[in-house]
Visitor: 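This is the structure I want to talk about, given as structure tokens.
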Amino acid sequence: MIYKPFDLFARLYEEAQIYDNMDLFIAERGWQEWMNEYADEEIAAILKTAYKLSRMTFAELKEFSGLSMPKLAGKLGVSSSTLEKWVFEKVTPSPHEKKFIAYVLFGDELNRK
């Protein structure tokens, strides 16, 4: 099971938003202490997934989850109507809400493999 604390994910997520190129983002991370806990392929998955999630719209995040609207709403602890508004861009989640949602999906994705 791969687990990364929210503060590390948040840092990677925010750093990834600066880069237009995923390979450059990954290359410029250098070796970091947290990486000692993981195999090279796990590190690559962590960095790639953080990068991809940082660039997605909310509708893309919903699609990435692979969950139905009711299941995703339940997982996130929001109403179905709130989720629908986010997906159809009637309302935008705050940057912090979107980052936290990406973090939830990040954990699901890494542990699915």
Side-chain angles (χ1 to χ4, degrees):
M1 177 176 210
I2 295 178
Y3 168 75
K4 292 283 25 99
F6 179 72
D7 61 333
L8 175 62
F9 171 78
R11 183 172 49 87
L12 294 173
Y13 179 95
E14 291 166 8
E15 290 172 358
Q17 291 180 324
I18 298 168
Y19 290 83
D20 291 328
N21 180 292
M22 181 170 55
D23 293 330
L24 185 58
F25 164 71
I26 292 170
E28 290 196 354
R29 291 311 82 190
W31 194 260
Q32 299 174 5
E33 189 172 315
W34 67 265
M35 295 175 177
N36 292 330
E37 303 172 39
Y38 301 97
D40 291 346
E41 61 274 357
E42 291 174 321
I43 294 167
I46 289 166
L47 294 172
K48 286 178 183 179
T49 304
Y51 182 87
K52 289 176 185 176
L53 290 170
S54 77
R55 311 194 75 70
M56 290 183 183
T57 64
F58 190 82
E60 291 168 333
L61 289 172
K62 190 272 176 215
E63 187 68 29
F64 180 85
S65 77
L67 299 173
S68 67
M69 294 279 263
K71 285 187 179 183
L72 183 58
K75 182 173 196 67
L76 299 176
V78 299
S79 69
S80 292
S81 64
T82 295
L83 186 66
E84 186 175 305
K85 290 174 187 174
W86 288 346
V87 169
F88 296 107
E89 298 181 353
K90 294 178 182 171
V91 175
T92 304
S94 73
H96 184 72
E97 288 170 323
K98 188 177 173 208
K99 187 185 325 171
F100 187 76
I101 291 163
Y103 174 67
V104 170
L105 300 179
F106 172 77
D108 288 352
E109 176 67 10
L110 291 178
N111 291 305
R112 184 179 1 248
K113 296 179 178 182

Visitor: Between atom CZ of R55 and atom CG of D20, what is the distance when rounded to the nearest 0.5 Å?
Guide: 5.5 Å
Visitor: Has Y51 got a side-chain atom pairing as donor or acceptor with Y19's backbone, closer than 3.5 angstrom?
Guide: yes
Visitor: Is it true that atom CD of E28 has more than 12 heavy atoms of other residues, nucleotides or ligands lying nearer than 6.0 Å?
Guide: yes
Visitor: Closest heavy-atom contact between F106 and I46?
Guide: CE1-O, 3.5 Å
Visitor: At their closest point, which heavy atom of S80 faces which heavy atom of P70, and how far apart are they?
Guide: OG-CA, 4.2 Å
Visitor: Any non-hydrogen side-chain atom of F64 less than 4.5 Å from a side-chain atom of D108?
Guide: no
Visitor: What distance separates L12 CG from Q32 CD, expressed to the nearest 0.5 Å?
Guide: 6.5 Å
Visitor: Return the CD to CG distance between E33 and L8, rounded to the nearest 0.5 Å.
Guide: 11.0 Å
Visitor: Any idea which heavy atoms bring L47 and F25 closest together, and the distance?
Guide: O-CE2, 3.5 Å
Visitor: Between atom OG of S68 and atom CG of L72, what is the distance when rounded to the nearest 0.5 Å?
Guide: 8.0 Å
Visitor: Does K52 use its side chain to pair, donor to acceptor, with the backbone of M22 at less than 3.5 Å?
Guide: no
Visitor: What residues form a salt bridge (charged side-chain N to carboxylate O under 4.0 Å, His left out) with E15, not counting sequence neighbours?
Guide: R11, R29
Visitor: For L53 and Y13, which heavy atoms make the closest approach, and how far apart are they?
Guide: O-CE1, 3.8 Å
Visitor: Taking all atoms of both residues into account, what is the closest heavy-atom pair of L67 and K62, and its distance?
Guide: O-NZ, 2.6 Å
Visitor: Could you go step by step and tell me if E14 and K99 meet the side chain to side chain contact (heavy atoms under 4.5 Å, CB included) rule?
Guide: CA-CA 9 Å; E14 291 166 8; K99 187 185 325 171; 2.2 Å; yes
Visitor: Minimum heavy-atom separation for L105 to L61, with atom names?
Guide: CD1-O, 3.4 Å
Visitor: Quick one: pull up CG in L83 and CG in L76 and give me the separation to the nearest 0.5 Å.
Guide: 6.5 Å
Visitor: Y103 vs F9 aromatic rings, parallel, tilted or perpendicular, using cut-offs 30° and 60°?
Guide: tilted
Visitor: What I'd like to find out is whether the side chain of V91 reaches to under 4.5 Å of the side chain of W86, using heavy atoms alone.
Guide: yes
Visitor: Can you measure from NZ (K90) to OG (S81) and round to the nearest 0.5 angstrom?
Guide: 10.0 Å
